[in-house]
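In listed order, ligands and their atoms are each counted from 1.
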Amino acid sequence: MSTTTTYEIASDVFRLSIYVPEFDMQFNHFLVRDEEPLLFHAGLKGMFPALREAVAKIIDPEKLRHIAWSHFESDEIGALNHWLQVAPQAQPVCTLVGKLVSVDDFSLRPARGMTPEDVLTTGKYRYRFYRSPHIPHGWDAGVLFEETRKTLFCSDLFHHFGNVEPVTTSDLIGPTRKAMQQLEQGPLAGYMPYTRQTEGVLRSLADLKPETLAVMHGSSYRGKCDGLLIGLAGVIKETFDR
Ligand SMILES: [Fe+2]
Ligand SMILES: [Fe+2]
């Protein structure tokens with residue numbers, strides 16, 4: 001679990017990927033280089049030494065200022081306190097629900113709980129956090145959008161299996177559908193609900209017109225992302241609306 005593959009998927013956005021053969025799955029973490037560097041996905045505690053080493057090849061890990069993620073699960077947030085110890089000025093960044101419900105009790109330092117009205121500026125880049133309750137899962141779920149380069153950090157959305165290429169410009173819908181159907185056959189079935197809100201949330205993310213999707217498990221995507229986000233709503237309905 002210790003080899004990290006680093007690839008710059010968009011300007012200043014580095015994808016730090018660790019492939020776990022037992023799950024046939026990549027765990028991807030995204031470091032954005034800026035005056036105030038930001039890491040999206042703190043990662044599992046077990047991955048922390050490898051990730052710290054990978055981050056150190058790009059920036060001084062002590063200079064990290066923002067550690068962000070989508071929802072409270074170990075692959076998103078497990079090593080948060082490790083990062084907070086390494087980087088004395090770093091602050092956790094998540095949805096307001098995440099902060100209020102779980103994070104401030106778990107974290108060594110209080111989180112910045114964001115609503116879509118809040119803007120986080122890190123130098124060249126500016127971010128907003130959009131709530132996406134129960135998409136992919138978790139009441140506290142959200143996605144982070146970097147507005148100047150139109151990068152959507154979308155967590156488990158579009159997850160797919162395999163030790164795949166860092167970034168693709170071809171369709172992500174096919175691999176995502178296959179992965180969802182595969183997961184539904186095993187012990188992790190039901191990991192994503194379909195609700196009356198699902199399509200509306202994904203349509204509002206499509207309205208942001210992202211140009212890069214930073215995907216947690218599998219290849220990231222470059223290109224027009226709005227059609228993919230609307231297509232994803234259809235795949236979630238087809239898989240989980242039973
Ligand atoms: Fe998750
Ligand atoms: Fe995940």
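Between the side chains of E53 and T4, no donor-acceptor pair is found at a separation under 3.5 Å.
Sorted by first and then second residue, the salt bridge (charged side-chain N to carboxylate O under 4.0 Å, His left out) pairs involving residues 203-231 (not counting sequence neighbours) are E199-R203, K209-D226.
Residue contact annotation: H217 places an N/O/S atom under 2.8 Å from the Fe ion (ligand 2).
Residue Y19 is tested with D24, T3, T5 for a side chain to side chain donor-acceptor pair (under 3.5 Å); the sole match is D24.
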Begin with the C-alpha distance, continue with both residues' side-chain angles, and end with the deciding distance and a verdict on ring pair (Phe, Tyr, Trp, His ring centres under 6.0 Å) for H159 and Y191.
CA-CA 12 Å; H159 73 90; Y191 71 98; 5.2 Å; yes

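For the pair D12 and K124, the salt-bridge criterion is met [side-chain N within less than 4.0 Å of a carboxylate O].
Note on ring orientation: taking the six-membered ring where Trp is involved, the planes of F129 and F40 are tilted (angle from 30° to 60°).
For the Fe ion (ligand 1), the neighbouring protein N/O/S atoms at less than 2.8 Å, given as residue and atom, are H71 NE2, E73 OE1, H137 NE2, D156 OD2.
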